[in-house]
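Input: a single structure, listed below in structure tokens.
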Amino acid sequence: MRENKRNLEPVFWSLFGAGGALGAICAPALILSLMLLTGLGLTQQDGLFYRFMGSAFGRFFLFVFVSMTAWSGLHRITHTLHDLKIHAISVQGLCYGVAASLTALSLIFLLAG
């Protein structure tokens, strides 16, 4: 009888896919809007950008954006290192640990405001 091993790989792949899609869709719009807002002088403390990022929705958006793109990028780094025949468990733990740390830091930012 074959023993079923539980694997967390589908969880990491789903975070990778969601983060990649979110980064591909939102990052260009976020960068362009920040460039336009800065060019128009709307990024001062009383500007539109700070009001948005000071709101609950803005902080939640930033939390989701940072955490998902971190998981996506670090999962890609993990698999790139695997393709380069670097199979150390510590590398995988380090990559996912950094992603978890960035998620925790962005959660702290979300709750601090």
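Owing to the predicted nature of the structure, the values given are computational and were not obtained by experimental measurement.
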Contacts of T78 that satisfy side-chain hydrogen bond (donor to acceptor under 3.5 Å, both in side chains) - sequence neighbours left out
none

Results of side-chain hydrogen bond (donor to acceptor under 3.5 Å, both in side chains) for H82 - residues two or more places apart only
H87

Interatomic spacing from [atom1] in [X] to [atom2] in [Y] - rounded to 0.5 Å:
X	Y	atom1	atom2	answer
H79	L84	NE2	CG	13.0 Å
S101	Y96	OG	OH	14.5 Å
C26	L62	SG	CG	11.5 Å
L94	Q92	CG	CD	11.0 Å
W71	R76	CH2	CZ	16.0 Å

Member of L105, L22, T103 meeting the side-chain contact (heavy atoms from CB on, under 4.5 Å) criterion with S67:
T103

Looking only at heavy atoms, the pair that brings C95 and I77 closest together is SG-CG2, 3.9 Å

If you take all heavy atoms of S72 and G20, which pair is closest and at what distance?
OG-N, 3.3 Å

Counting N and O atoms only, with roles assigned by atom type, does the side chain of S106 sit under 3.5 Å from a partner on the main chain of L102, one being a donor and the other an acceptor?
yes

Connected via hydrophobic side-chain network under 4.5 Å: M68 and L111:
yes

I25 with F57, same ILVMFWY side-chain cluster at under 4.5 Å
no

Apply the test side-chain contact (heavy atoms from CB on, under 4.5 Å) to residues L107 and L110: give CA-CA distance (whole Å), side-chain angles for both, the deciding distance (0.1 Å), then the verdict.
CA-CA 5 Å; L107 182 62; L110 172 71; 3.9 Å; yes

